[in-house]
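Everything numeric in this text was worked out from a predicted model, so none of it was measured. No hydrogens, no waters, no symmetry mates; every other heavy atom, side chains included, goes into these values.
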Amino acid sequence: SSHFGSSSNNHVLTIVHVGPGALVFSEPMSLATFCLFVGATLLTCGAGHGADKHKPPCSDGVKHEYCHAFPGSNGTSFLQAKSVLGRTGVQELSEFAEAPSQVMACPQGAVLTTVSMTRARYHAVANSVNEILLSLSSRCTASECPRADWAGCVLRMAGHDFMDYSNGVGGSDACTDMSHTDNKGLAACLHEGEHGVSLSDAYVQHCADVSLADFLVVAAEAIMEASRSPGSGRLNFVAAFRYGRTTNSDCPGAAELLPNPSRGCPAVEETFVNRMGLSWRSAAALMGVHSLGRAKIENSGFHGWWSDPINSRLFNNDYFVSLISKGWVPETSVDGRAVKSQWGRSDVQRDSSFDGHEMMLDTDLCLAFAEGPNRRDLTPVLSSIHDCCAWVNFAVAGARCGNRRQCCGSPNADDCGRPGNPLGPAAAHVLEFGNNEQAWIEEFKTAWTRATENGAQGLKPLEPDTPATQVPSPVPPIATPSPTVAPVPTPFPASTPKPARRGKKGGRRGRGRKRRRL
């Protein structure tokens, strides 16, 4: 049996190994001490970095599929031992590792920087990832949508990797603190197995030739490409891809640079505009990755889909359509369960079940909606501050929620700004992308390239293929019919709305507050 815990400063573990010649650790010891104690044994392992492949397994009583030791930034040897078989109570130690490279296995020895990469190699990596995606059930309901969950997790990993870029350091280097609360849930699709599959199953096929830093970018691009609806046009990321990113295993504080969703647009500006060098248009386009997947309470404290479940497994512009064409109100609970402050869908077409709940983060909704006494004194909305309903009185891509009562649940609800003219810092871009998917795709690809190349040095374009290196074409997009927009109530004329009637005290959140309308 084994028990793992942690003190405030050092991880500790107690290991009890029952068997002939076994050692019994009856007192907790630090992970560093444990690794130093068994380091010599680990380095006699049959496969691993710096190991002699002809040496015997780690011990007579324990057979490892692979194991190896590698140095940490402070000189301590960290242990990476996965798929431990035989008579042992030793569990995986991935919870103690900080970087993805410390939990993504490469028995033959991982290359840190990709030396050479052809278009064929790119497609081979993409195919490996897409085969995993397409092996998942195509069933997609409010309670279960495996492809949406896995695709969203892979994109979240890539995003959390490049969003730590600051002053020339960080970016897509396959390094973030996996134990940080903001990265909770990433281990599932990365190496533990989400819906029975993990990204490491594809990585192990290419890790001797492709760095993990390059692999994570290609994996995300493959997921987006495969998640397009048939006939919607290919993204062709391969044309702009450049290789040569170096995998980093030491990035203290990287996760602290991730934007806090509860800060709204100040976090967007700080991360995407100031540190990553994007324009507001590019920042808004990049937020379109939320078209895939959902937020889960157990991972982030937020809950819900950014769109309906079917659209949430398709890489399309429905995120922008949803953001504008639906009604949204602040909430701190969903079906009686507490969540972090977020925006919940409020219009009459919403799914009122817990599993089918739709939401937007403050970093999403603030792009389009702002509050203030006048145009020169506007504040992008925050669910923790602004008790209002975010909606518009016109159609976006043919969809709209209706009038104030239909969109907000009450004709007396306070509006977030003016429904006929949203004034968030990226409102014009959100409207453009909602009405024109191609405009979004073009801007997204530009923003994606910038985001995934920040901090990387000496990147090179893919080399031409030779007959010997050619591989089959990438897996085609998911064969899913394009989703149809649900019928909406008979729309009201898109005219300037009359001033809202003020509700009585004691009504639902957002009613009864006096506010000067823009």
Side-chain angles (χ1 to χ4, degrees), residues 259 261-274 278-288 319-330 341-343 346-347 360-397 400-404 407-408 410-436 439-440 443 492-503 509-518:
S262 297
R263 290 184 58 218
C265 276
V268 175
E269 182 173 26
E270 178 183 300
T271 301
F272 295 98
V273 179
N274 296 340
L278 302 179
S279 64
W280 273 101
R281 188 169 189 267
S282 287
L286 202 57
M287 293 293 282
Y319 162 79
F320 301 101
V321 177
S322 293
L323 200 158
I324 290 291
S325 69
K326 299 173 182 177
W328 306 97
V329 295
S341 188
Q342 61 182 31
W343 298 86
S346 58
D347 61 78
M360 288 284 169
L361 303 176
D362 283 313
T363 41
D364 298 309
L365 212 71
C366 73
L367 297 173
F369 297 95
E371 281 269 68
N374 55 64
R375 290 173 178 268
R376 291 176 295 180
D377 190 17
L378 292 171
T379 302
V381 293
L382 280 175
S383 59
S384 60
I385 297 176
H386 299 107
D387 293 333
C388 58
C389 176
W391 69 291
V392 299
N393 60 12
F394 53 87
V396 178
R400 72 176 276 199
C401 54
N403 57 27
R404 184 179 289 106
C407 296
C408 305
S410 168
N412 301 320
D414 284 326
D415 304 322
C416 294
R418 177 177 290 181
N421 185 25
L423 295 172
H429 309 309
V430 172
L431 288 170
E432 177 191 10
F433 298 152
N435 284 310
N436 187 339
W440 166 59
E443 186 64 30
F492 280 52
S495 57
T496 302
K498 296 179 180 179
R501 290 175 287 176
R502 298 187 175 89
R509 187 177 184 182
R511 301 181 189 171
R513 285 196 307 119
K514 295 182 179 180
R515 181 184 286 105
R516 179 180 176 183
R517 311 253 176 230
L518 297 179

query: What closest approach, in Å, do Leu367 and Val430 show between heavy atoms, and which atom pair accounts for it?
result: CB-CG2, 4.0 Å
message: Test your reading of the model: is there a side-chain donor-acceptor pair from Ser346 to the backbone of Gly327, 3.5 Å cut-off?
response: yes
task: State whether a side-chain donor-acceptor pair under 3.5 Å links Ser341 with Ser384.
output: no
message: Main chain of Arg418, side chain of Asp415: is a donor-acceptor contact present, judged purely on distance under 3.5 Å?
response: no
query: Cys388-Cys416 sulfur separation below 2.5 Å?
result: yes
field: Residue pair Leu378 / Leu423: nearest heavy atoms and the distance that separates them
entry: CD1-CB, 3.8 Å
task: Give, for atom CG of Asn412 and atom SG of Cys389, the distance between the pair rounded to the nearest 0.5 Å.
output: 12.0 Å
Student check: side-chain heavy atoms of Leu431 and Phe320 closer than 4.5 Å: no
message: Counting C-beta onward and ignoring hydrogens, is there a side-chain heavy-atom pair between Val396 and Asn435 closer than 4.5 Å?
response: yes
field: Those residues that, when tested against Ala283, pass side chain to side chain contact (heavy atoms under 4.5 Å, CB included) (two or more places apart)
entry: Val268, Phe272
- request: Evaluate the side-chain proximity of His386 to Leu365: yes if any heavy-atom separation is below 4.5 Å, no if none is.
  value: no
task: Give the intermediate values and the outcome of side-chain contact (heavy atoms from CB on, under 4.5 Å) for residues Ser262 and Gln342.
output: CA-CA 8 Å; Ser262 297; Gln342 61 182 31; over 6 Å; no
field: Donor-acceptor under 3.5 Å (Glu371 side chain, Gly417 main chain)
entry: yes
- prompt: Between Asn403 and Trp391, which heavy-atom pair has the shortest distance, and what is it?
  reply: C-CZ3, 3.7 Å
query: Are Trp343 and Asp364 close enough that some pair of their side-chain heavy atoms sits under 4.5 Å apart?
result: no
- prompt: Between Arg400 and Gly402, is there a donor-acceptor pair closer than 3.5 Å when you use the side chain of the first and the backbone of the second?
  reply: yes
task: Heavy atoms only: give me the nearest Ala284-His429 pair and the separation to one decimal.
output: CB-CB, 4.4 Å
message: Could you report the tightest heavy-atom contact between Ser383 and Pro330, atom names first, then the distance?
response: O-CB, 3.5 Å
- prompt: With side chains defined as the heavy atoms from C-beta onward, is the minimum distance between Glu432 and Glu443 less than 4.5 Å?
  reply: no
message: Is it the case that the side chain of Ser282 and the backbone of Leu278 share a donor-acceptor pair, with hydrogens and angles ignored and the cut-off at 3.5 Å?
response: no
message: Is there a side-chain contact between Glu269 and Asn274 in this structure, where contact means two heavy atoms from C-beta onward sitting under 4.5 Å apart?
response: yes
By side chain to side chain donor-acceptor pair (under 3.5 Å) - contacts of Trp328 (at least two apart): none
message: Please find the pair of heavy atoms, one from Leu323 and one from Phe369, that lie closest to each other, and give the distance.
response: O-CE1, 3.8 Å
- request: State, with a plain yes or no, whether a side-chain heavy atom of Thr363 is found less than 4.5 Å away from one of Cys265.
  value: no
- prompt: Given side chains that start at C-beta, do those of Pro425 and Cys366 come closer than 4.5 Å, heavy atoms only?
  reply: no
field: Carboxylate-amine/guanidinium contact Asp362 Arg263, below 4.0 Å
entry: no
